[in-house]
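Remember, it's a predicted structure, so these values are computed and weren't measured experimentally.
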Amino acid sequence: MSSSISIDAAGAGLPGASPSTPATGRRLSVAPMMDWTDRHCRVFHRQITRHTWLYTEMVTTGALVYGDVERHLRYDGVEHPVALQLGGSDPADLAKSAKLGEQWGYKEINLNCGCPSERVQKGAFGACLMGEPQLVADCVKAMRDAVSIDVTVKHRIGIDYNEEYGFVRDFVGTIADAGCSTFIVHARNAVLKGLSPKENREIPPLRYEVAYQLKREFPGLEIIINGGVKTDAEIAQHLAHVDGVMLGREAYHNPWVMATWDILFYGDAAVPKTRQQVLEAMIPYIAEQLRLYGSHGLKLNSITRHMLGIMTGLPGARAFRQTLSDSKKLAGADPALLLEAAARMPSLA
């Protein structure tokens, strides 16, 4: 694992910059998403943006305390800056897991207080933790005592149908008193009963003003907004009110949206890779991963599935996806399939 790349703080003159914007790499980030933001996805995203903060899928404390640590925490150094998101509610187990994350070189430990799934609720963590702010504070303090890297919290703006601002204000205030200074605010409530995780991303209304109000009330905290953001213009609009913006499904399904971020939001003058160059950069990585882990069941599709959206909006995008989804071609385990798929794109010819 290599060390983190050096990143410049976003400064005055960039879209959305304000005097309260802290010097932070978390100005833009890609949300932790189960079954999606695995280590292969993150390597792919890093080819598109050098500076955007990346997050692991949620890893439960049980998987680290009692399971295969190497399988859950391994990553490629090119992914940096990358953060580890943990799921759990036992302060001691979270402290142990956070320490493992630091030892493996992650740059941040994030506690999930936003996932609404029933499976997570049964484990007494995720969004249901918002109802126990003092327990979350104890968890944060235990992790902060165990590591020297940032400990952050990702949460909703309320649970069930409680839309009172005071609920989330008091939650943030209690956790801040335990030493947490960075909050990633998914600007929807989490309905713990009656809605699926998918419905919880769509049905509770987005209320961005709640996150803005948190920043006004806690100006010394780093407040990052999440939920429903899709465009550079929307990002810039939010950055006029908060310190950072996290995108989830839009970044995954339409990853090329990230191609402008280094220039627009980090002031990086380097010429970004083209789509063709991104695909070419992934080929040696895929070949090496298949060599190392193919005998353990790693398939070509385990990596290429994350890349299906890179041509979104271009003529030939459907043919590109079809080629990368062809089971017979995938069975050949040849990373050059990426180039074969790209050859079907008139705009890249």
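More than 12 non-hydrogen atoms from other residues, nucleotides or ligands lie less than 6.0 angstrom from NZ of Lys99. For Arg216, the CZ atom counts as densely surrounded, since its 6.0 Å shell holds more than 12 non-hydrogen atoms of other residues, nucleotides or ligands. Sparse packing is recorded around CZ of Arg144, with 12 or fewer heavy atoms of other residues, nucleotides or ligands lying under 6.0 Å away.
Salt-bridge check for Lys329 with Glu340: passed, with a basic side-chain N closer than 4.0 Å to an acidic carboxylate O. Between Lys107 and Asp150, no side-chain nitrogen of the basic residue sits less than 4.0 Å from a carboxylate oxygen of the acidic one, so the salt-bridge criterion is not met. In summary, Asp38 and Arg305 engage in a salt bridge, as defined by a charged side-chain N under 4.0 Å from a carboxylate O. Taking the charged nitrogens against the carboxylate oxygens, Glu202 and Lys198 do have a contact shorter than 4.0 Å, which makes a salt bridge. With respect to Lys193 and Asp160, no salt bridge is recorded, no charged nitrogen being found less than 4.0 Å from a carboxylate O. Between Glu163 and Arg188 there is no salt bridge, since no side-chain nitrogen of the basic residue lies less than 4.0 Å from a carboxylate oxygen of the acidic one.
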Decide yes or no on side chain to side chain contact (heavy atoms under 4.5 Å, CB included) for Leu338 and Leu324, but give the supporting numbers first. CA-CA 7 Å; Leu338 288 176; Leu324 282 191; 3.9 Å; yes

Residues Thr304, Asn301; criterion side chain to side chain contact (heavy atoms under 4.5 Å, CB included); working and verdict: CA-CA 5 Å; Thr304 59; Asn301 182 56; 3.9 Å; yes

Would you check, one step at a time, whether the test side chain to side chain contact (heavy atoms under 4.5 Å, CB included) holds for Val257 with Lys230? CA-CA 8 Å; Val257 71; Lys230 294 184 176 182; over 6 Å; no

Starting from the C-alpha separation in whole Å, work towards a yes-or-no answer on side chain to side chain donor-acceptor pair (under 3.5 Å) for His45 and Tyr252. CA-CA 9 Å; His45 284 175; Tyr252 186 86; over 6 Å; no

Show your reasoning for whether side chain to side chain contact (heavy atoms under 4.5 Å, CB included) applies to Arg42 and Val82. CA-CA 9 Å; Arg42 298 191 304 267; Val82 61; 3.6 Å; yes

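Side chain of Ser302 to backbone of Leu298: no donor-acceptor contact under 3.5 angstrom is found. A distance-only check finds no donor-acceptor pair linking the side chain of Arg156 to the backbone of Ala127 [under 3.5 Å]. Between the side chain of Asp90 and the backbone N or O of Asp93, at least one donor-acceptor pair lies under 3.5 Å. A donor-acceptor contact shorter than 3.5 Å is absent between the side chain of Thr49 and the backbone of Arg46. Of the possible polar contacts, one joining the Glu79 side chain to the Asp76 backbone as a donor-acceptor pair under 3.5 Å is found. With hydrogens and angles ignored, the 3.5 Å screen pairs no side-chain donor or acceptor of Thr152 with any backbone N or O of Phe183. Proximity of a side-chain donor or acceptor of Tyr266 to a complementary backbone N or O of Gly25 within less than 3.5 Å is detected. No side-chain donor-acceptor contact under 3.5 Å links Asn112 to the backbone of Gly87. Under a 3.5 Å cut-off, the side chain of Lys215 and the backbone N or O of Leu221 do form a donor-acceptor pair.
Nearest approach of Ala342 to Phe320, heavy atoms of both residues: N-CD1, 3.8 Å. In this structure, Cys41 and Trp36 approach most closely via the heavy-atom pair CB-O, 3.1 Å. Across Cys180 and Val140, no two heavy atoms sit closer than the pair CB-CG1, 3.9 Å. When all heavy atoms are compared, the tightest approach of Ala95 to Ala146 is O-CB, 3.7 Å. Annotation for Met130 and Gly158: closest pair CE-N, 4.2 Å, computed over non-hydrogen atoms. Leu300 approaches Pro335 most closely through the heavy-atom pair CD1-CA, 4.4 Å.
Glu102 places a side-chain heavy atom less than 4.5 Å from the side chain of Ser148. Using a 4.5 Å cut-off on side-chain heavy atoms (C-beta onward), Ile184 and Asn110 make contact. Here the side chains of Ile225 and His186 are not in contact, with every heavy-atom distance at 4.5 Å or above. Taking the side chain as every heavy atom from C-beta outward, Ile48 and Phe44 approach each other to under 4.5 Å. When side chains are defined from C-beta on, Trp104 counts as touching Glu70, because their heavy atoms get closer than 4.5 Å. Side-chain atoms of Leu84 and Leu86, non-hydrogen and from C-beta on, do get closer than 4.5 Å to each other. When side chains are defined from C-beta on, Lys154 does not count as touching Val185, because their heavy atoms never get closer than 4.5 Å. Leu195 has its side chain out of reach of Pro116: every pair of non-hydrogen atoms, C-beta onward, lies at least 4.5 Å apart.
Between Arg249 and Asn254, the side chains place no donor N or O within less than 3.5 Å of an acceptor N or O (distance only, hydrogens not considered). A donor-acceptor pair shorter than 3.5 Å can be found between the side chains of Glu280 and Gln276. The closest side-chain donor-acceptor pair between Trp261 and Asp268, if any, does not fall under 3.5 angstrom. Side-chain polar atoms of Gln134 and Asp138 form a donor-acceptor pair below 3.5 angstrom. With hydrogens and angles left out, the side-chain atoms of Tyr55 and Glu108 include a donor and acceptor closer than 3.5 Å. If you check the side chains of Arg39 and Gln289, you find a donor sitting under 3.5 Å from an acceptor. Between His40 and Tyr285, the side chains place a donor N or O and an acceptor N or O closer than 3.5 Å (distance only, hydrogens not considered).
Ring pair Phe265/His51: centre-to-centre distance not below 6.0 Å. Proximity of the aromatic rings of His80 and Tyr106 is defined here by a centroid distance below 6.0 angstrom, and this criterion is not met.
Val65 and Leu73 fall into different hydrophobic clusters, defined by Ile, Leu, Val, Met, Phe, Trp and Tyr side-chain heavy atoms under 4.5 Å apart, directly or through other members. Linking ILVMFWY side-chain heavy atoms closer than 4.5 Å, directly or via other members, places Leu292 and Ile286 in a single hydrophobic cluster. Cluster membership for Met33 and Ile310, using ILVMFWY side-chain heavy atoms within less than 4.5 angstrom, is shared. A continuous path of ILVMFWY side-chain contacts below 4.5 Å connects Tyr161 to Ile203, so both sit in one hydrophobic cluster.
Under the 30°/60° scheme for interplanar angles, the aromatic rings of His296 and Tyr293 are found to be tilted.
Residue Leu314 holds its CG atom at 4.5 Å from OG of Ser347, rounded to the nearest 0.5 Å. Of the inter-residue distances, the one linking Glu222 atom CD with Arg27 atom CZ reads 11.0 Å to the nearest 0.5 angstrom. Note that OG1 of Thr260 is 3.5 Å distant from CG of Asp232, once rounded to the nearest 0.5 Å. Rounded to the nearest 0.5 Å, atoms CG (Leu339) and CG (Leu279) are 7.0 Å apart. Atom CD of Gln213 sits about 10.5 Å away from atom CD1 of Ile157, to the nearest 0.5 Å. Atom NE2 in His238 sits 13.5 Å away from atom CG in Asp243 (nearest 0.5 Å).
Just one residue in the list Val191, Asn189, Leu192 forms a side-chain contact (heavy atoms from CB on, under 4.5 Å) with Asn200, and that residue is Val191.
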